Amino acid sequence: MESTRTKIIHLLSSNEKTYVSGQELSDRLHISRSAIWKHMKELEKDGYLIEAIRNKGYRIVKSPNKLSENTVQWGLHTDWLGKNVVHKESTPSTQQIAHQLARDHASHGTVVIADEQTAGKGRLNREWHSAKNKGIWTSLILRPAILPYLAPQITLLTATVLADVFKKELNLDPKIKWPNDIMINDRKVAGILTEMQAEQDQIQYIIIGIGINVNQEMNELPEDIQQKATSLRATSEKEYDITSLIQRIFVHFEKVYAEYETYGFPIIKERWESYGYRLGERTTIKTMKETSEAVLVGIAEDGALLAQYDNDSIKKVYSGEIDWFPNR
Ligand code: BT5
């Protein structure tokens, strides 16, 4: 159940430019006008800046500069992504909460966001550092109508969304290192962890975990990753508003997801390849049997990376087999 104050915020934020009268709020929420007034005072205590004008009504001018269910939703212009937000100040991992919510039938587009994760997860049980208020640590619950073996496409899609936002909205120069790392200046700025619950021919849900280093200074990054990681701030010397960045990502995600539903994987593949890290370059590939050189040429429909060998044969290769940083 939405609380009265969340309802008030929703009603006001669907009319950002105009005022909503006390009478209208009172009619829609079935509470008195003086009760509405008291709620407004409570919102102000929480850091909302509310303008109240006689004969016009109320308007939210600014939301507080901290993450919460309300601040993420205030001014979020999406149809389904982030309509249901669960925010935690601190949690072991947003993935865990998202799994629980998904098992309890949370809807497509439900998101979990944390200020801090104490046991953030990478792939293969690797650790993901998630310092308090320094980054975006979020998990999206999706219920795509695709076959389970195509799920990696959603990871690739997510990577293009992040790269687009970093490039087009923040003027940075991101690359996507197959399959899921967003790189700036050869350092990892964001990672994606996809987990899913599926039967043979049907996905029950996918959880897309997104971790983005946003406002860390270089020397705030943990020692074990200082040589290979970066943050948006460290690459651009600008601080970013985390709430508004989350909103931009959700809005763009929804747009790209709709394009994917309409046109299928080819448009994602094309975009992904335009950002592909070291695509077109020769790399060393080590399989169990041999070590050889090949040129990375693109991605396949199932999400595999394609390498072209000197005899022109194109083969699928996997992450552990590629020497990404021969000089590191
Ligand atoms: C990933 O794994 O890159 C997936 C990261 C997903 C994190 C999100 S945050 C929200 C959600 N909740 C979670 O618990 N997880 C998801 P992988 O490709 O395995 O990379 C992990 C490796 O990246 C580690 O072994 C470190 O070397 C490095 N690393 C750890 N923390 C980092 C950070 N904050 N920035 C850059 N690199 C990091």
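Counting starts at 1 for both ligands and their atoms, following the listed order. Only a predicted model underlies this, so the values are computations on that prediction, with no experimental measurement involved.
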Pair Tyr58 + Trp37: ring centers closer than 6.0 Å: no
Numbered atoms of ligand 1 (with element) below 4.0 Å of Gln95, judged on heavy atoms: 11 (C), 12 (N), 13 (C), 14 (O), 15 (N)
Whichever hydrophobic residues join Val297 through chains of side-chain contacts under 4.5 Å: Val295, Leu306, Ile314
Distance filter under 4.0 Å to Lys188 heavy atoms, resulting ligand 1 atoms: 1 (C), 3 (O), 17 (P), 18 (O), 20 (O), 23 (O), 36 (C)
Note: Glu42-Lys38 ion pair, threshold 4.0 Å (strictly below): no
Which segment of Lys121 sits under 4.0 Å of ligand 1 when only heavy atoms are counted: both
Interfacing atoms of ligand 1 (cut-off 4.0 Å, heavy-atom, Asp181): 18 (O)
Residues Tyr240 and Ser244: side-chain donor-acceptor under 3.5 angstrom: no
Sub-3.5 Å N/O-N/O distance, Thr138 and ligand 1: no
Gln117/Thr94 under side chain to side chain donor-acceptor pair (under 3.5 Å): CA gap, chis, key distance, verdict: CA-CA 7 Å; Gln117 296 184 117; Thr94 54; 3.2 Å; yes
With sequence neighbours excluded, residues passing side-chain hydrogen bond (donor to acceptor under 3.5 Å, both in side chains) with Asp224: His129
Heavy-atom nearest neighbour in the protein, as seen from atom 12 (N) of ligand 1, with distance rounded to 0.1 Å: Gln117 OE1, 2.8 Å
Within-4.5 Å side-chain heavy-atom neighbours: Leu232 and Val189: yes
Heavy atom of the protein closest to atom 25 (O) of ligand 1 (residue, atom name, distance): Arg126 CD, 3.3 Å
Residue selection (non-hydrogen contact nearest atom 4 (C) of ligand 1) among Ile113, Ile208, Thr94, Ile192: Ile192
Options Gln226, Arg123, His129, ranked by nearest heavy atom to atom 17 (P) of ligand 1, top entry: Arg123
Top protein contact for atom 38 (C) of ligand 1, by heavy-atom distance: Trp128 CZ3, 3.4 Å
Ligand-side contact atoms (ligand 1) for residue partner Asn213, heavy atom cut-off under 4.0 Å: 33 (C), 34 (N), 35 (N), 36 (C)
Ring-ring centroid check Tyr257 His108, cutoff 6.0 Å: yes
Numbered atoms of ligand 1 (with element) below 4.0 Å of Ala229, judged on heavy atoms: 36 (C)
Pick from Thr230, Thr91, Ile225: the one approaching atom 29 (N) of ligand 1 most closely through a non-hydrogen atom: Ile225
Element-labelled atoms of ligand 1 that are located less than 4.0 Å from some non-hydrogen atom of Ser93: 12 (N), 13 (C), 14 (O)
Presence of salt bridge, Lys121 and Glu127, under 4.0 angstrom: no
Within-shell test, Gly120 vs ligand 1, heavy atom, strictly < 4.0 Å: yes
From Gln227, Met183, Glu127 - option closest to atom 22 (C) of ligand 1 by heavy atom: Glu127
Location of contacts on Lys228 toward ligand 1, heavy atoms closer than 4.0 Å: side chain
Any side-chain heavy-atom pair of Ile192 and Ile208 under 4.5 Å: yes
Within-shell test, Ile210 vs ligand 1, heavy atom, strictly < 4.0 Å: yes
Between Asn70 and Ser68, a side-chain donor and acceptor under 3.5 Å: no
